Amino acid sequence: MTSDPSAPVAPVVPRQRAVLDSAHVGDIKGAFGTIRQHEDAHRSLRSRALALLAIVGPGLIVMVGDNDAGGVATYSQAGQNYGNSLLWVLLLLVPVLIVNQEMVVRLGAVTGVGHARLINERFGRFWGWFSVGDLFLLNFLTIVTEFIGVSLALGYFGVSKYIAVPLAAAGLIAITASGSFRFWERSMFVFVFANLLVIPLFFLAHPKIGDVATHFVVPGIDGGANSTSILLIIGMVGTTVAPWQLFFQQSNIIDKRITPRWVNYERLDTWIGAVVVVIGAAALIAVSAFAFEHTRYFGQFSDAGATATGLEHVLGSTAGTFFALVLLNASLIGAGALTLSTSYAFGDVFGTKSSLHRSFSDAKLFYGIFAALVAGAAAIVLIPGAPLGVITLAVQALAGVLLPSASVFLLLLCNDREVLGPWRNPPWLNVLASVIVAVLVLLSLILMATTMFPSIDVTTVSLVGGVLLAVGLLGFGFVALRSWRGAAGVTVIESGPSIPKEQWTMPPLALLARPVWSTGRKVAMLTLRGYLVVSVVLLVVKAVQLGGG
């Protein structure tokens, strides 16, 4: 029998993802639009633009949130102490951000399962609990630094921290526990748009555009390379590429109900966010560089609050006010995103309801964790004589501890045939991602070593580490090449003919075959576990010594 070509064709209903919360299924209700659950991909330019407006959010929020209080302080320090000479570091971070977060985009859209749950299921309970426990501690201490930023920013306007910090904490809890994903996202976009204050602030510093452009593409370090400048470069990388970003964006994509059909839109959202965050960071460096050059403030960075005061003295009250508002905004969006990533991760591990679509009464543990983290971090800032300097140091060191495992797991998950099927990394992306992960691991090791042993020669360690990294990458490339050649004759059926790639999603976790680990992978994971355990012990000892001193 011949089919009638004029007969209507029934729409193909995509296979549902293996979601852990029923609230993660339904219409996409973004800040700027709605996409129905079974709506077809858009074809016209106008409809595609409207779809992007509806989907945009997770990428922009995670990127702008990464320019938090610590980021503002780090970039201001770079400009105030080294002028524009470190701008080139930011340009190198663009591909790092895009590659890392693009892998997260695919994991979220295709699996429907959060990062912590995937680690727990594919690598074992130890790694699942470790990832969440370490993330909890790191995020909590980082949230403390965000409220330090709040107190410094509003302190510039003469507001007592005993008023500023509780109000900020209450506001974040109210925004997040509203029970409406759309309301929460719109609130976050207020912070995203407020970040644009760096643009008029940049022009208030009377910048020399040619100088900025030159330092963006010509590497150099004002005064030459030394331990202090190398540590600051590592700090710039660490504050821009943070472990919480992986957990937050993957879960936020799932919570927003973004499926594989909309992956390209979310990729664009992430690319835009990466560009925005680098432009913002560059503006902050340039402001301090141009404002403080040839003044008594140059090379004398102390904290972000002092930078606001210095800008007022050099450029006027408008510049000081804008900088304080940028710091306040960065602190609030950073605290909100960081805390939410922790709530998402706990929901992954405990299997509880974890969605901004749910009301407080319907997801008490999810919102309760958020509120407890925010309230606890705010309370620490208000304690007279609290060791805030030790906390700031611990944040940097813990980020160095967690980054190697988070980066390695991300790469392994994106090559897991059972998890991503036809969405796995292509060989060229594995090469690029492996280089990026290796460099991040090296930087985290250097940061950790200098935290534990301040007298160590950072320049020598960096050079030796760079040589070992190059040798290791060559060896890894040789082994990988042999592996790819050996697998060239193997045919793998990614999905049935009735399930195109755009509709392929991960099956329920219970149906996945357990991953088979080679001897080499077992040795590598045991080595990583040993490094993590030793690092945490050393960090605790160091914190006790500093606290007692």
Side-chain angles (χ1 to χ4, degrees), residues 8-17 19 21-65 97-98 101-112 175-176 178-196 199 248-277 279-280 333 336-337 340 355-358 423 499-505:
V9 179
V12 178
V13 178
R15 187 173 71 174
Q16 295 294 341
R17 297 173 301 170
V19 294
D21 190 328
S22 60
H24 296 156
V25 179
D27 299 341
I28 296 174
K29 299 179 179 179
F32 307 113
T34 300
I35 298 176
R36 301 301 174 189
Q37 182 177 358
H38 300 308
E39 189 171 333
D40 291 334
H42 300 91
R43 298 300 179 188
S44 70
L45 182 60
R46 179 179 181 277
S47 60
R48 288 180 178 181
L50 291 175
L52 178 61
L53 284 175
I55 289 172
V56 70
L60 261 174
I61 292 170
V62 74
M63 294 297 183
V64 175
L97 288 169
I98 289 176
Q101 296 308 122
E102 189 279 334
M103 289 191 284
V104 170
V105 167
R106 279 182 284 126
L107 282 174
V110 175
T111 69
I175 289 171
T176 306
S178 65
S180 168
F181 186 98
R182 172 169 285 170
F183 176 79
W184 170 84
E185 191 168 73
R186 285 176 174 172
S187 300
M188 291 298 105
F189 267 105
V190 172
F191 298 128
V192 170
F193 292 138
N195 190 62
L196 297 177
I199 295 176
F248 171 84
Q249 189 172 4
Q250 184 167 333
S251 291
N252 200 237
I253 286 171
I254 296 165
D255 204 5
K256 192 166 184 177
R257 303 163 176 170
I258 295 173
T259 60
R261 288 181 299 160
W262 311 108
V263 160
N264 286 337
Y265 292 88
E266 181 52 31
R267 281 171 171 157
L268 184 55
D269 174 33
T270 303
W271 299 340
I272 294 171
V275 174
V276 168
V277 74
I279 290 175
I333 192 172
L340 192 55
S355 174
L356 293 168
H357 292 283
R358 294 189 179 278
W423 291 94
I499 306 178
K501 179 180 177 181
E502 291 72 20
Q503 297 173 13
W504 193 98
T505 56

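None of these values were measured; they are calculated from a predicted model.
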Aromatic ring pairing Phe193/Phe32, orientation class (parallel under 30°, perpendicular over 60°, tilted between): tilted
So do the side chains of [X] and [Y] get within less than 4.5 Å of each other, counting heavy atoms only?
X      : Y      : value
Val56  : Ile272 : no
Asp255 : Phe181 : yes
Leu340 : Leu356 : yes
Met188 : Val64  : no
Ile35  : Ile55  : yes
Gln249 : Asn252 : no
Ile258 : Tyr265 : no

Side chains of Arg186 and Ser180, donor plus acceptor under 3.5 Å: no
For residues [X] and [Y], report the shortest heavy-atom separation together with the two atoms involved.
X      : Y      : result
Ile254 : Gly108 : CG1-O, 3.4 Å
Ser355 : His24  : CB-NE2, 3.8 Å
Trp504 : Pro260 : O-CG, 3.6 Å
Gly273 : Leu60  : CA-CD2, 3.8 Å

Would you say [X]'s side chain and [Y]'s backbone share a donor-acceptor pair under 3.5 angstrom?
X      : Y      : answer
Asp269 : Leu52  : no
Trp423 : Lys501 : yes
Glu266 : Gly59  : yes
Arg257 : Ala23  : yes
Arg182 : Ala31  : no

Using a strict threshold of under 4.0 Å (side-chain N to carboxylate O), is an ion pair present between Lys256 and Glu185? yes
